[in-house]
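Naming convention: chains lettered A, B, ... in sequence-line order (proteins, then strands); numbering from 1 in each chain. Keep in mind the model is a prediction, meaning the values are calculated, not measured.
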Protein chains: 2
Amino acid sequence: MTRTRLTAQERHVQLVAAALQAFAQGGYAGTTTDQVARIAGVSQPYVVRLFGSKQELFLATLRYAGDRIEAKWRAAAADDPTLERLGAAYEDLLAERELLVVLLHGYAAAGDPVIGDAVRDCYGRLYWVVRELTGADPDQTRGFFAMGMLITVLGSMRVLGPDPVPLPPWATELLSAFPGD
Amino acid sequence: MTRTRLTAQERHVQLVAAALQAFAQGGYAGTTTDQVARIAGVSQPYVVRLFGSKQELFLATLRYAGDRIEAKWRAAAADDPTLERLGAAYEDLLAERELLVVLLHGYAAAGDPVIGDAVRDCYGRLYWVVRELTGADPDQTRGFFAMGMLITVLGSMRVLGPDPVPLPPWATELLSAFPGD
DNA sequence: CTTAGTTGTTATCGACTGATAACTAAGCAC
DNA sequence: GTGCTTAGTTATCAGTCGATAACAACTAAG
C-alpha cells in the first residue's frame with residue numbers, strides 16, 4: 001500500500017484534529033508530539049517541523065476550538081438569535097467534549113504568558129460574538145458565560161456529555177432542573 | 001547555620017503549600033517534583049518519598065484546596081448563611097489564586113481516572129456544603145456554582161484577582177456590573 | 001555512651017521527549 | 001525522463017524527570 005501524500009495544508013488540518021484529541025486528554029504539558037503523530041499516522045519529527053514547535057501546535061488547536069464554537073453559535077443564531085438558543089448549541093458541543101476540554105486546559109495553563117494571551121484573545125472573541133449575535137447586555141452575557149463555564153467543567157469531569165461516569169448523587173441533583181436535559 | 005529539622009507532619013504541610021504554588025503555575029504534568037522541592041527548600045527525592053509519588057502529592061494538594069474553600073465558606077456562613085455571602089467569600093479567595101487555579105487544573109485533568117475521582121469527590125463535597133449552609137435549592141445552587149466557575153476561569157486568566165493583566169475591553173465590560181467590584 | 005528511630009541527603013538510573021539533521025521518494029513541469 | 005519542489009522518513013541527541021538505594025546526621029531513651 002502506497003502512502004497517500006497530502007498537501008501541507010491538508011496535513012495541518014488533520015494534525016490539528018489529532019492534537020485536539022490528544023491535548024484534551026492530557027493537557028499541554030502532559031501530551032507528547034509523538035502521541036499526536038501516532039493518531040495522525042505520521043512521524044513525530046514531521047509534526048514538529050510542520051508547526052515549528054509543540055507550543056505552536058497547541059496554539060493552533062486552541063484557535064481551532066474557538067473557531068468551531070464561534071461557527072456553531074453563528075449557525076444557531078441564524079436559526080434563533082437568543083441566548084437560550086446559543087446555550088442549547090453549546091450543550092450540543094458536549095458531544096465533542098474535546099473542543100471544550102482543550103479550552104479548559106488552556107484557561108488553566110494561562111499562567112504561561114503565551115498561552116494566556118491566546119486564551120484571552122479567544123475568550124474575548126467569543127464574548128463579542130455572543131453580544132453581536134444576541135444583542136444581550138453585559139449582565140445577561142456574564143450569566144451566559146457563567147453557565148457555559150459550569151457546563152464546560154462538568155463536561156470535563158465526565159458528569160455531562162457522552163460516556164458519563166456513574167453519576168454521584170450531587171451530580172444528578174445539580175443537573176435535575178437543567179434546561180437542556 | 002544548622003538546618004531546622006521538622007517533623008514529618010510539619011514537612012507534609014509545608015510541602016503541600018509549596019506544591020500548591022507550583023501546580024497552580026504549571027499544572028500536574030507541567031510541574032516537576034524538583035520545583036516543589038526547591039520552593040520548600042528540601043531535596044527532590046525527599047518529596048517523592050514523603051508522598052510516595054508525584055500523583056499522591058497532587059491529590060493531597062487538591063484535597064487541601066477543597067478544605068480551604070470549605071473552611072472559608074463555613075466561616076462566611078457563620079456570619080450570614082446566604083449564597084450572596086458565600087459568593088463574596090469565594091471572590092475573596094481570588095487573593096489566593098493558586099487555590100482556585102489548582103482545582104481548575106484538576107477539573108481539566110479529570111480524564112485521568114484517579115484525578116477524575118478525586119476532583120468529583122471534591123466538587124460533590126463543596127456542593128453539599130453550600131446546600132447545607134445556605135439551604136438553597138438545587139436550581140439556585142447551580143447558578144451559584146456557575147458563577148463560581150466563571151470567577152475561577154477569569155481568575156486563572158488573570159482577568160480577576162491580584163496582579164491582573166492589562167484588561168482588554170471585553171473584560172472590563174464583562175466585569176462592569178460585577179457585584180463584588 | 002550507645003542504640004534506635006526519624007529526618008534528610010547525595011548518587012544514580014532508565015525512560016522519555018522535543019528538536020535537529022540528513023536522507024528518501026512522490027509528483028509536477030517541460 | 002530529467003530535474004525541481006514538496007512531503008515525509010530514519011537516526012540521533014541533549015536535556016529532563018520521577019523514582020530508588022545507600023548513606024549521613026540529628027534526637028532521645030535507657
query = What pairs with B/Thr134 under side-chain hydrogen bond (donor to acceptor under 3.5 Å, both in side chains), at least two apart in sequence or on another chain?
reply = none

Short N/O separations, protein against nucleotides 2-7 of chain C, under 3.5 angstrom:
residue, atom, partner, partner atom, Å
C/dT6, O2, B/Arg5, NH2, 3.0
C/dT7, OP1, B/Ala8, N, 2.9
C/dT7, O4', B/Arg5, NH2, 3.0
C/dT7, O3', B/Leu6, O, 3.3
C/dT7, O2, B/Arg5, NH1, 3.2

side-chain hydrogen bond (donor to acceptor under 3.5 Å, both in side chains) against B/Asp137, all qualifying residues, sequence neighbours excluded = none

task = Please list, chain by chain and in numerical order, all residues satisfying side-chain hydrogen bond (donor to acceptor under 3.5 Å, both in side chains) with B/Thr141, sequence neighbours excluded.
result = none

request  = Using side-chain contact (heavy atoms from CB on, under 4.5 Å) as the criterion, list what pairs up with A/Asp79, not counting sequence neighbours.
outcome  = A/Arg85

request  = List in chain and number order the residues that pass side-chain contact (heavy atoms from CB on, under 4.5 Å) with A/Thr172, two or more places apart in sequence or in another chain; answer none if no residue qualifies.
outcome  = A/Leu167

remark   = Here the distance between atom P of C/dT17 and atom CZ of A/Phe23, to the nearest Å, is 13 Å

ask   = Considering the terminal five base pairs at each end of the helix from C/dC1-D/dG30 to C/dC30-D/dG1, what angle separates the two local helix axes, rounded to 10°?
value = 0°

Same apolar cluster (I L V M F W Y, side chains within < 4.5 Å links), A/Leu57/A/Ile39 = no

Polar pairs (N or O, both sides) under 3.5 Å between protein and nucleotides 14-18 of chain D?
residue, atom, partner, partner atom, Å
D/dG18, OP1, B/Thr31, O, 3.2
D/dG18, OP1, B/Lys54, NZ, 3.0
D/dG18, OP2, B/Thr33, N, 2.9
D/dG18, OP2, B/Thr33, OG1, 3.0

query = For A/Glu132, what residues pass the salt bridge (charged side-chain N to carboxylate O under 4.0 Å, His left out) criterion, not counting sequence neighbours?
reply = A/Arg74

Pairs where residues 150-163 of chain B contributes a residue and the test side chain to side chain donor-acceptor pair (under 3.5 Å) is met, not counting sequence neighbours = B/Tyr90-B/Thr152

request  = Just jot down the side-chain contact (heavy atoms from CB on, under 4.5 Å) partners of B/Ala29, sequence neighbours excluded, or say none.
outcome  = A/Ala29

query = To the nearest angstrom, how far is A/Leu50 atom CG from D/dT6 atom C1'?
reply = 11 Å

side-chain hydrogen bond (donor to acceptor under 3.5 Å, both in side chains) partners of A/Arg68, counting only residues at least two apart = A/Tyr64, A/Glu96

